[in-house]
Amino acid sequence: MSQGLRARDAGLVCGTLPAGPRNSIADVPDVRIGHRTLVHGDIRTGVTALIPHGGNLYRDKPVAAVHVLNGFGKSVGLVQVEELGVIETPLLLTNTLSVGTCSTALIRHAIAANPDIGRETATVNPVVFECNDGWLNDIQALAVTEDDARIALESASSDFAVGAVGAGCGMSTFGFKGGIGTASRRLDLDGESFHLGVLVLSNFGRAGDLRLPDGTNIAPDMSREAKVETEKGSIIIIAATDVPLSDRQLKRVIRRSGVGLARLGSFWGHGSGDVALGFSTANTVRHDEKAALIEQRVFNENRIDLLFEAMADATQEAVLDALVAAGSMIGRAGHHRPGLADALKHLPSREA
């Protein structure tokens, strides 16, 4: 991973399952992440791209599922994922008012690789997720462009930064600086190793509610800010795995992201848009399939608790990863968010 401090560097480990070699969603083969970060004047925003595999996603669609924990959000493309159980574009994450721009960018990206879209074959379903970064970012400036989305897509790599980067640049979590975080778990099944990885865009939680893995509650110094009384914001949770799963099984797995959020102290408040999407690279659906019957492998559900546990633990740790890596930030109108890593140094148990 191409960044500094991460959750485990700060002693924050969730669960007992082993992490993958990168402790990243990129431990799932072929999954890549790219960022475009915009910082100038009152702008603190960006785009994060997730590419599920290296082929043509429109022609070879990963099986996918979506689960909405609380629907105060403006993401696009979820209705078709719910109905058909596949994704057919990369995933983009950005701020709330840039969803349309990023959607158009994904459509252009798909048409460039598939010029028959909308003419000789079906249209395309872009999937774009969002959180509101308006506390630190001048969201009304509409700073994100289609070119920014293109750059995020083109920069995608298995080695990527976390924290205040890409879509995470202006995000806040539990009153601290939030952003992009990731974690993974290795799954040993019938003598083979598989992985489940999670990427979060973390922008949720009420200041003072954050709970660390050892049960300690930690609050930011809010003396520079207005008092936060309600849980606002959002979190986007993307899960990837190379375990063969059906879309129904994926939905069961990604529901357990809520366990990880609850462990952190979240109750999915009224004003929070909390959305999870999961996909499997082991099962795909061909756009141009001619056969009436196709074969796919699925997981033995008598053993699916292992994936439930991995999802809960990786979600919890990915949020902490974002918090530790993000540092502190001053943004629009002098608004400030402190860094969790600094606050951890002043916990009595860590000062001893």
Side-chain angles (χ1 to χ4, degrees), residues 1-37 46-54 62 64 90-93 129 152-153 155-169 171 173 178-188 193-202 213 235-243 250 253-254 256-257 260 264 276-282 306-307 309-327 340-341:
M1 302 291 291
S2 58
Q3 75 288 315
L5 202 63
R6 297 193 63 197
R8 294 197 171 203
D9 297 322
L12 302 178
V13 180
C14 302
T16 59
L17 295 177
R22 295 184 177 93
N23 197 14
S24 154
I25 196 168
D27 285 322
V28 179
D30 288 340
V31 173
R32 293 171 292 142
I33 307 296
H35 300 300
R36 173 66 164 169
T37 307
V47 182
T48 294
L50 186 153
I51 300 180
H53 66 63
L91 310 178
L92 291 183
L93 295 78
F129 294 97
L153 288 163
S155 67
S157 170
S158 59
D159 183 30
F160 62 94
V162 295
V165 293
C169 180
M171 302 299 172
T173 300
I180 296 289
T182 193
S184 71
R185 294 296 180 264
R186 192 186 78 233
L187 309 168
D188 297 321
S193 288
F194 299 84
H195 291 87
L196 183 146
V198 169
L199 182 90
V200 298
L201 176 60
S202 183
I235 182 167
I236 305 302
I237 306 139
I238 309 297
T241 186
D242 54 352
V243 176
L250 277 164
V253 171
I254 61 177
R256 271 62 184 186
S257 61
L264 291 160
L277 181 144
F279 65 89
S280 171
T281 59
L306 180 63
L307 276 75
E309 182 180 359
M311 186 72 209
D313 292 349
T315 301
Q316 180 187 11
E317 189 167 322
V319 173
L320 295 169
D321 199 51
L323 282 160
V324 170
L340 177 62

Under a 4.5 Å cut-off applied to non-hydrogen side-chain atoms, are [X] and [Y] in contact?
X	Y	answer
P62	T281	no
T16	E309	yes
H195	V243	no
D9	V324	no
E317	R8	yes
I180	M171	no
L307	F194	no
I235	S257	no

Say whether, by atom type as modelled, one donor and one acceptor occur between the side chain of [X] and the main chain of [Y] under 3.5 angstrom.
X	Y	result
R6	T182	yes
S158	A26	no
D27	R22	yes

Minimum heavy-atom separation for [X] to [Y], with atom names?
X	Y	answer
G197	V28	N-CG2, 4.0 Å
S193	R186	OG-CD, 4.0 Å
G166	T48	CA-OG1, 3.6 Å
G20	S184	N-OG, 3.1 Å
A239	I254	CB-CG2, 4.1 Å
A314	A183	O-CB, 3.6 Å

Hey, could you give me the [atom1]/[atom2] distance between [X] and [Y], rounded to the nearest 0.5 Å?
X	Y	atom1	atom2	result
H35	L93	NE2	CG	9.5 Å
L201	I238	CG	CD1	9.0 Å
S24	D321	OG	CG	9.0 Å
L50	F279	CG	CZ	5.0 Å
L340	T173	CG	OG1	10.0 Å
T315	L264	OG1	CG	9.0 Å

Please report the C-alpha distance between I25 and F160 in whole Å, then the side-chain angles of each, then the deciding distance to 0.1 Å, and finally whether the side chain to side chain contact (heavy atoms under 4.5 Å, CB included) criterion is met. CA-CA 10 Å; I25 196 168; F160 62 94; 4.0 Å; yes

Please lay out, stage by stage, how M311 and I237 fare under the test side chain to side chain contact (heavy atoms under 4.5 Å, CB included). CA-CA 10 Å; M311 186 72 209; I237 306 139; 3.8 Å; yes

Take L323 and L12 through the test side chain to side chain contact (heavy atoms under 4.5 Å, CB included) and record every step on the way to the result. CA-CA 11 Å; L323 282 160; L12 302 178; over 6 Å; no

Check against side chain to side chain contact (heavy atoms under 4.5 Å, CB included), V31 and D242: CA-CA 10 Å; V31 173; D242 54 352; over 6 Å; no

